[in-house]
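Comments concern the structure below.
Proteins get letters first, then strands, A, B, ... in listed order; numbering begins at 1 in each.
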Protein chains: 2
Amino acid sequence: MLDEVKIPTTRNGKATFKIIIETTIDLFYKQGYHKTTIANITNSAGIGAGTFYLYFPNKLSLYKYILNQFQHDIRKTIAEKVASVDGRFEKEKEGIKTFIKYAIQNPHSYNIIWESLYIDKQLFMDYYEGFAKRYEIGLTKSIDDGEMHNVDTELVSYILMGVSNFVGLKVLLDLGSNNEDVDKLVDQVMNIIKTGIFK
Amino acid sequence: MLDEVKIPTTRNGKATFKIIIETTIDLFYKQGYHKTTIANITNSAGIGAGTFYLYFPNKLSLYKYILNQFQHDIRKTIAEKVASVDGRFEKEKEGIKTFIKYAIQNPHSYNIIWESLYIDKQLFMDYYEGFAKRYEIGLTKSIDDGEMHNVDTELVSYILMGVSNFVGLKVLLDLGSNNEDVDKLVDQVMNIIKTGIFK
DNA sequence: TCATAACCTGAAGGGTTATTCAGATTATAG
DNA sequence: CTATAATCTGAATAACCCTTCAGGTTATGA
């Protein structure tokens, strides 16, 4: 499943493995997956061309490894934050806020996840379907707790993902937004989500 | 601005130009921009390799030409539909419905537009900023007409784009949704947008 | 200390692709 | 009908890139 990735065992090996990952995340962000060559990676990482193949059989397996890392990291970060607040509404708010903040602090992750649509469509579908399913669990609880109208949870999960993703996108494109701004921004977003847009 | 695209003048030339466009849209959809080669295009179109360069200096200029076409077509389609209904709320609803229906009927467009993020980031930014500005005009009218709360129109335009894009995405990924379903789906979405999610 | 496994190198082979161009064909204005 | 512009062809070139591999270095357990 890890596509024949070879995990190094020694200290030197681990350091090399790590620099490959870090260099590649940076290159994928700046140039995109397809424009990034193995030679780009090994040159930027300061290693020989053959060293790459010691750990990864090809570029795709490296991409999948990085995507997997981000998935776990995002979900873990959100889950921890959400667990720390009380009330369904507050939890949903914290989830969206954490997602947007994560995007700001890891702008690379955003690009790399979306790009999966143009690398392997199935990866993209799995990612968002998995994310939606997680969302639905929380939404169902919100309904059970009487804090939310009896909505179609699957639909609402896509709506909320769309909102977070595009608001995150806006913040990323604008650039230079700091964390305080994000708090206010998310308050506005949640107000809109809570009470609706139209009179 | 059109990147040196040469528009043919004769009937034969126009037919060749057209088949290049149509073949390429199909290939970009199926394989993505980067995996599609000029040889793929000319072979699928049934023309000689050199013929491509009669009209386009390279693959990127062809991509930009196609992206531009979709932009105009989407905006025109939405504008016409929106003009045909009365009331700001009904107009917003019709706009979202038309967008999602357009995505279903032209699944190619969706892929090609999003892919701009991985071909030329500036194209992507221009596209969504332009779309947001258009949206804001309608939203401002909604507020003036007293049909909408006094919201941040720029923020709401990104929220609405996020909702349309991800609901459209969901429909596309699920596949097999017909137009009647979409009407009901959009009714649900608009209900949520109108009255909010939380109690 | 030394045998062994892990790690590293970069030149070279082999495949793929973009682009050119000399020459051929077709359409049409006059 | 004919001169001319537009259109078309596909083999050839040159650039690029992935991947291998024979040979070298480094770290470590015993």
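When rounded to the nearest whole Å, the span between NE2 of B:His34 and C1' of C:dT16 equals 16 Å. Taking atom CD1 of A:Ile41 as the reference point, atom P of D:dT19 lies 11 Å away to the nearest angstrom. Across the protein-nucleic acid pair, A:Lys6 atom NZ and C:dC8 atom C1' stand 12 Å apart, rounded to whole Å. For A:Phe56 and D:dT19, the CZ to P distance is 14 Å, given to the nearest whole Å. Taking atom CG of A:Asn43 as the reference point, atom P of C:dT9 lies 11 Å away to the nearest angstrom. Taking atom CG on A:Leu54 and atom P on D:dT19, their separation rounds to 15 Å, with Å as the unit.
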Please write out the pairs of protein N or O atoms and N or O atoms of nucleotides 10-13 of chain D separated by less than 3.5 Å, giving the distance to one decimal.
unit_1: D:dG10; atom_1: N7; unit_2: B:Ala49; atom_2: N; d: 3.4
unit_1: D:dG10; atom_1: N7; unit_2: B:Gly50; atom_2: N; d: 3.3
unit_1: D:dG10; atom_1: O6; unit_2: B:Gly50; atom_2: N; d: 3.3

Pairwise N/O distances under 3.5 Å, protein to nucleotides 16-18 of chain D:
unit_1: D:dC18; atom_1: OP1; unit_2: A:Ile38; atom_2: N; d: 3.4
unit_1: D:dC18; atom_1: OP2; unit_2: A:Ile38; atom_2: N; d: 3.2

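Atom NZ of A:Lys35 is surrounded by more than 12 heavy atoms from other residues, nucleotides or ligands within 6.0 Å.
Listed by residue number, the members of residues 9-23 of chain A with any heavy atom below 4.0 angstrom from DNA chain D are A:Asn12.
The salt bridge (Lys or Arg N to Asp or Glu O under 4.0 Å) pairs that include a residue from residues 149-162 of chain A are A:Glu154-B:Lys170, where partners are two or more places apart or lie in different chains.
Looking at heavy-atom distances under 4.0 Å, A:Tyr55 makes contact with sugar-phosphate atoms alone, never a base.
Atom OG of B:Ser61 is separated from atom NZ of B:Lys6 by 13.5 Å, given to the nearest 0.5 angstrom. Here the CD1 atom belonging to B:Ile74 is positioned 7.5 Å from the CG atom belonging to B:Asn106, to the nearest 0.5 angstrom. Here the CD1 atom belonging to B:Ile192 is positioned 11.5 Å from the CD1 atom belonging to A:Ile197, to the nearest 0.5 angstrom.
Looking at every heavy atom in both residues, B:Ile113 comes nearest to B:Tyr63 through O-OH, 4.2 Å. Taking all atoms of both residues into account, the shortest heavy-atom contact from A:Glu4 to A:Pro57 is O-CD, 3.8 Å.
A:Lys101 pairs by the salt bridge (Lys or Arg N to Asp or Glu O under 4.0 Å) definition with A:Asp183, not counting sequence neighbours. B:Asp187 pairs by the side chain to side chain donor-acceptor pair (under 3.5 Å) definition with B:Lys93, not counting sequence neighbours.
Between B:Glu92 and B:Arg88 there is a salt bridge, since at least one side-chain N of the basic residue sits less than 4.0 Å from a carboxylate O of the acidic one.
Because its NZ or CZ atom is both nearer than 6.0 Å to the ring centre of A:Tyr29 and within 45° of the ring axis, B:Lys121 counts as a cation-pi partner of that residue.
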